[in-house]
Each structure stands twice: as C-alpha cells, then as structure tokens.
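Below is one structure, written out as structure tokens, with a few remarks after it.
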Amino acid sequence: MLTENEREELEKELGRHELKSSASVEALKIVQRYRGWISDESLRDTAVLLEMTPEELDSVATFYSMIFRRRVGRHVILVCTTISCWVVGYEGLLNYLHARLGIKPGETTADDRFTLLPIPCLGACDGAPAIMVDETLYTNVTEKSISEIIEKYE
Amino acid sequence: MNECPLTEHMRPDGGYLSIKEYEEKGGYRAARKALQGMTPKEVQQLVKDADLRGRGGAGFNTGQKWGFVPPADSSVRPRYIIANADEMEPGTFKDRMLIEGNPHQLIEGMIIGAFATHSDVAYIFLRWAYKLAAKRLEEALSEAYAKHYLGKNIFGSGYDLEMYLHTGAGRYICGEETALLNALEGKRATPRAKPPFPIVSGLWGKPTVVNNAETFSNVQHIINNGATWYKSLSRCADGGTKIYGVSGRVARPGWWELPMGTTIRELVEEHAGGMKDGYRFRSVIPGGASTEFLTVEHLDVPMDFESVQRAGSRLGTGMMIVIDDRTCMVGAVHNLLQFFAQESCGWCTPCREGLPWIVDTLNAIENGQGRAEDLEMLDSHTDLLWLNKTFCALAPGAMEPLKSALTLFRDDFMRHITEKRCPWR
Ligand SMILES: Cc1cc2nc3c(=O)[nH]c(=O)nc-3n(C[C@H](O)[C@H](O)[C@H](O)COP(=O)(O)O)c2cc1C
Ligand code: SF4
Ligand code: FES
C-alpha cells in the first residue's frame with residue numbers, strides 16, 4: 001500500500017502530464033525515494049495510478065539501472081567501471097571495497113548499510129577513478145579516501 | 001589568447017551563475033534580439049552560415065537540420081525541441097561542465113532554437129547522475145520563468161514557449177534520439193525505426209528537434225556576433241570553439257574550450273601536460289568510447305570532423321581517452337565492449353547476442369585462453385554488427401574501437417594467444 005504522502009506526491013506529478021503513463025519514470029523515482037526500492041507490491045500500486053498494467057510498468061522499471069527492483073542497503077556505492085576509470089585502476093578500489101565490506105558488486109552488507117554497484121561513466125573522467133555514494137560524487141578516490149568516505153554513512 | 005564564448009563567463013570558483021550575473025555579461029541579449037527582430041528563417045540561415053555542426057557526435061549542420069522542420073503555418077501542434085544532455089558516453093563530461101558552469105546559456109540557446117523551429121514545448125533530457133547540474137537547471141529555469149523569458153509572450157514578441165527538465169534513470173541508449181523520445185513518453189526506451197525522422201514525427205508523433213546541449217550553448221553567440229566571427233574562432237572549415245577533454249594517465253586530465261581543429265598533440269602535450277611520469281603515450285580514443293583508436297602517428301591530427309575522419313576515426317564528442325604503454329590494449333577493448341554489451345537495449349538480435357559473445361571471447365583472450373581462430377571470429381563480428389545490420393547505431397559504435405584495435409594492435413592480441421597470458425599483467 002502506498003502511503004498518503006507518496007500518493008499525494010504522485011498525484012501532483014501525474015497532474016503535470018497529459019497522459020499519465022508518460023510519468024512512469026518520475027513515479028518510480030518518487031516511490032523509490034520513499035522506500036529505497038520498488039517491490040512487486042509498490043509496482044502494482046503505482047501502475048494503477050499510471051493507468052498502466054504492472055507488466056508495462058515493469059518493462060520500464062527493469063530497463064533502468066537506477067530503478068532498483070531488489071532491496072538495496074541504506075546507502076548505495078556506485079563505482080565507475082568504464083574506460084577512464086579502468087585505465088587508472090578502478091579494479092583495485094573494487095577489491096578494496098570487497099575486502100572492507102565483505103560484499104561483491106550487486107550485494108548488500110548484512111547490516112543493510114551498503115549496496116555496492118558497478119556503474120558506467122559518471123561524467124567525471126578527469127577525476128578518475130570516480131565513485132558516487134547516494135547523491136554525492138567523489139573523484140580521484142584512493143583506498144584511503146574511500147575508507148574515510150564510507151565512515152560518513154551510517 | 002583564444003576567444004572562449006562558451007566558458008568565459010563561468011565563475012572561477014565553480015559556483016552558480018545567476019540570471020543577474022549572466023545578464024550583466026550580456027546574457028539573454030541574443031534571445032531578445034532574435035525574438036524581437038528576426039524571423040525564424042533568418043535565425044536558421046545565420047546558424048547554417050556559421051557552420052555550427054552538432055556536438056552530439058554525428059556532426060550534422062545545425063542550421064540545415066532546423067531547415068527541415070515543417071513550415072510555421074503547419075497545424076500540427078504542439079511541436080517539440082529537446083536538448084540532449086543524457087551524456088553517458090564513457091570518457092565524456094562536457095555537457096555536465098557546460099550546464100553546471102552556465103545553465104542559462106543552454107536555456108537561452110534553446111529559446112532561440114525553439115523560436116527558429118516554431119517549437120512550443122522544450123525539454124532538457126539530463127542524465128540522472130548529474131545531480132548538481134539538475135539542481136542548477138531547476139534554479140535557472142525558475143529564474144527564467146520569473147523574468148518571463150519562458151512562458152507566454154516572451155520579450156513581447158508574441159512567442160510562447162514552455163520548458164521542462166527531465167532526468168533519466170540510467171541507460172546509455174536513452175541518448176539515442178529516438179530512444180530518448182520513447183523514454184520521455186514513459187515507455188521502455190528502445191530506439192524507433194528511422195525514417196520517419198524525429199524532425200517530422202517525433203515526440204507523440206509531432207515534429208521534434210533534438211540537439212546536443214553543447215550545440216545549443218553556441219547559438220546565442222552566433223546571434224550576437226555573426227557567422228563570420230563564429231567561423232573565425234575555428235582553425236578549420238567547421239565553425240566555432242569546441243569543448244575538448246583529456247582523461248587517462250596524463251599529467252593534468254581536464255577539459256578546455258579551444259578553437260575547433262586543435263590538434264591531438266596540443267591537447268595531450270600542452271593542455272593535459274603530457275603523460276604522467278613513467279608512462280608513454282600509446283594510443284588515444286579521440287571522441288568517447290564509440291570511436292576508433294588512433295596512435296602516435298596521428299598526434300598532429302586536428303580535432304575536427306573532417307580531419308579525424310580522414311585519420312580513420314571520428315571526432316565524436318571530442319572527449320579523448322589516452323591509453324599509455326603500460327596499459328593492455330586487449331584489456332581496454334574488453335572494458336569498452338563490456339560497456340556496450342551491458343547497455344545494449346536488447347531489441348535486435350545481432351547486438352543483443354553478438355556483443356556478449358564478443359565480450360566472452362575478449363575475456364578468454366585476456367586471460368590467456370584465446371585461440372588464433374578467435375581473431376577471425378572477432379573480425380567477422382565487426383562486419384556482422386556494422387551499419388544497417390542492427391536497428392540503431394549503438395552496435396556499430398561498439399565495433400569502432402574493436403575493429404580499429406584488431407588492425408592497429410593485432411600483435412597484442414596474438415601475444416596473448418601465443419604466450420597464453422596477458423603480457424601487461
Ligand atoms: C547509442 C547512442 C547514444 C547517444 N547518446 C547521445 C548523448 O548522450 N548525447 C547526445 O547529444 N547525442 C547522443 N547520441 C546522438 C543522438 O542520437 C543525436 O544524433 C544528437 O543528439 C543530435 O544532436 P546534434 O545534432 O546537436 O549533435 C547518441 C547516439 C547513439 C546511437
Ligand atoms: S543495435 Fe543494440 S541498442 Fe540498438 S536497437 Fe539493436 S539491440 Fe538495441
Ligand atoms: S569513465 Fe569513470 S567517470 Fe568517466
């Protein structure tokens with residue numbers, strides 16, 4: 001069940017669109033902001049508001065890497081794995097995070113604190129290697145700076 | 001000193017350039033001038049004469065493209081115009097820097113572009129990861145609305161335009177202009193068949209102009225200073241300046257606004273300060289992940305559309321990635337192809353099935369398990385996934401680095417196969 005707040009925010013967003021279904025991505029992002037991810041149940045409830053079938057909405061949801069159809073931790077660490085970051089050695093960082101947090105890309109720590117995900121180019125290639133934690137971009141990261149960065153997230 | 005119309009007004013501290021500051025530096029003068037004193041045809045012609053070529057990768061003459069819109073009296077309404085700032089091409093970060101540094105410049109360029117193409121509604125399609133750019137664009141849009149530079153009867157000209165920001169949710173294919181249309185309509189963002197081209201039948205089946213964010217950022221400068229001035233900024237036949245970038249193991253990775261036609265050598269050696277100590281230049285991908293590798297012999301190639309093409313690659317986004325001598329070329333190609341395989345939208349078979357096959361093969365070669373016949377298999381794929389054999393240009397774009405690496409660095413591939421290991425590891 002969507003909450004009152006979610007419903008209100010969704011209705012407001014849908015009001016901006018002539019055809020409700022054109023707000024699908026915005027709607028999914030709103031629900032994800034409240035819940036961290038899109039469960040089957042929230043997908044069904046959102047689809048009703050968008051006047052789409054759950055299957056239609058899922059075909060949109062599963063298309064995007066930043067719509068999570070599985071539960072994620074309280075914080076998501078995105079590690080850029082494309083060319084400029086590869087050249088300067090993102091792989092070492094990923095190994096470090098693996099050792100430090102005990103999770104591989106795609107996994108979540110047992111305490112639900114972090115999910116680790118690979119991501120293509122963050123548009124910060126002059127500051128490679130680059131990572132993003134939730135909404136914050138970090139550039140020129142090293143093992144040392146990553147270890148300090150993750151301490152900031154409870 | 002070079003003239004840098006796109007970047008000169010950005011704040012040195014990297015802060016937000018408000019509408020007040022932007023106007024003090026001459027901002028919105030061009031939009032006022034165009035809407036009050038020019039016809040859409042005149043704007044199209046001026047932009048065409050300036051030889052502004054699209055900065056999204058393909059390099060189509062912008063004024064000429066605008067000339068293809070249906071006539072003003074066509075009853076097909078509303079008509080749309082879209083700034084493509086999806087920017088997910090690995091190695092590329094120019095649109096982000098332009099928007100963060102001067103969001104009003106994009107908005108003003110779009111107002112003029114919209115007026116020139118009789119558009120009623122404008123969208124900025126921005127990549128999800130660009131949080132700061134999104135925040136600044138929201139702020140800039142509300143400032144522009146507050147001053148009635150957007151909305152009804154802009155500058156008393158009788159021209160109306162609504163402008164919205166849309167942020168994506170992470171998929172490279174959304175930058176392809178027809179996939180972008182499906183994304184904006186809230187559908188699964190697979191590309192559409194062309195023709196019809198978006199300029200005839202685009203968003204909701206209505207005429208739609210799609211241009212790159214950097215392309216729009218040039219327009220007001222052409223209106224203010226004229227086509228001759230704009231062409232004089234460049235060192236080649238294409239007009240204007242270009243945002244160039246260099247990443248990789250160079251001393252000072254970064255981005256700069258320079259005359260169109262600046263050479264690779266100047267970019268790497270002067271602006272990026274040469275290679276980092278202990279590394280030598282081996283190769284460069286000149287314009288984002290989907291362009292062919294070039295090597296040392298191409299260092300003096302000017303970075304403009306024609307010259308890079310003649311050298312066997314493409315200017316693409318103009319954002320280059322330098323590969324040094326201590327980096328494995330097979331590994332680099334493997335990394336690039338992994339990106340394309342992951343981002344394939346899955347709509348057509350050669351791309352959906354072919355790219356993972358290529359990635360598996362490259363992985364095997366990289367790990368010393370490759371066989372000589374694998375190279376022929378890879379060669380054949382560069383043909384099977386080439387232009388007109390797949391539904392959109394993603395797969396051929398992926399073949400560009402692969403094909404060129406198989407030619408330029410074939411020995412590196414062979415060494416992996418005969419030595420049964422990666423010699424660079
Ligand atoms: C797979 C793919 C991804 C693309 N991504 C972008 C992009 O992120 N930004 C962009 O401006 N153009 C991108 N393009 C090119 C657009 O389809 C289109 O040609 C461009 O936006 C036109 O603008 P221009 O004429 O100003 O260059 C992409 C093309 C393909 C095939
Ligand atoms: S070439 Fe690839 S990205 Fe383009 S339509 Fe086919 S499967 Fe999709
Ligand atoms: S390749 Fe990592 S930020 Fe661009």
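Below, chain A is the first sequence line, B the second, and so on; all start at residue 1.
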Give, as side chain, backbone, both or neither, the part of [X] having an atom under 4.5 angstrom from any heavy atom of chain B.
{"X": "A:Leu57", "result": "neither"}
{"X": "A:Ala61", "result": "neither"}
{"X": "A:Tyr90", "result": "side chain"}
{"X": "A:Val25", "result": "side chain"}
{"X": "A:Leu137", "result": "side chain"}
{"X": "A:Thr81", "result": "backbone"}
{"X": "A:Leu50", "result": "neither"}

Which portion of [X] sits near chain A, non-hydrogen atoms under 4.5 angstrom:
{"X": "B:Thr92", "value": "backbone"}
{"X": "B:Ala183", "value": "both"}
{"X": "B:Ile173", "value": "side chain"}
{"X": "B:Tyr172", "value": "neither"}
{"X": "B:Lys131", "value": "side chain"}
{"X": "B:Val250", "value": "neither"}

Between the main-chain N or O of B:Ala341 and the side-chain N or O of B:Ser344, is there a donor-acceptor pair closer than 3.5 Å?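 Side chain of B:Ser344 to backbone of B:Ala341, a donor-acceptor pair under 3.5 Å: no, none is there.
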So does B:Arg79 get a backbone contact from the side chain of B:Asp120, meaning a donor-acceptor N/O pair under 3.5 Å?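 A pair under 3.5 Å: yes.
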Looking at [X] and [Y], does any basic side-chain N land under 4.0 Å from a carboxylate oxygen?
{"X": "A:Glu8", "Y": "A:Lys12", "result": "no"}
{"X": "B:Glu400", "Y": "B:Arg314", "result": "yes"}
{"X": "B:Glu257", "Y": "B:Lys242", "result": "no"}
{"X": "B:Arg249", "Y": "B:Asp324", "result": "yes"}
{"X": "B:Glu366", "Y": "B:Arg425", "result": "yes"}
{"X": "A:Glu51", "Y": "A:Lys20", "result": "yes"}

A:Glu56, A:Glu18, A:Arg16, A:Met132: which one forms the most heavy-atom pairs within less than 4.5 Å of chain B?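 The answer is A:Met132.
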When only pairs under 4.5 Å are counted, which of A:Gly127, A:Ser84, A:Ser59 shares the most heavy-atom pairs with chain B?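 Max contact count across the listed options: A:Ser59.
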Please determine if B:Arg171 forms a cation-pi arrangement with A:Phe63, meaning its NZ or CZ atom is less than 6.0 Å from the six-membered ring centre and no more than 45° off the ring axis.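 Yes, B:Arg171 and A:Phe63 form such a contact.
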Do the two ring centres, one from B:His166 and one from B:Tyr123, sit under 6.0 Å apart?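 Ring centres of B:Tyr123 and B:His166 not closer than 6.0 Å.
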Out of [options], return the one with the most heavy atom pairs under 4.5 angstrom to chain A.
{"options": "B:Met88, B:Glu87, B:Arg127", "value": "B:Arg127"}
{"options": "B:Pro253, B:Ala169, B:Gly168, B:Gly248", "value": "B:Ala169"}
{"options": "B:Gly91, B:Gly186, B:Gly254", "value": "B:Gly186"}

At their closest point, which heavy atom of B:Ile99 faces which heavy atom of B:Leu126, and how far apart are they?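 Closest heavy-atom pair between B:Ile99 and B:Leu126: CD1-CD1, 3.9 Å.
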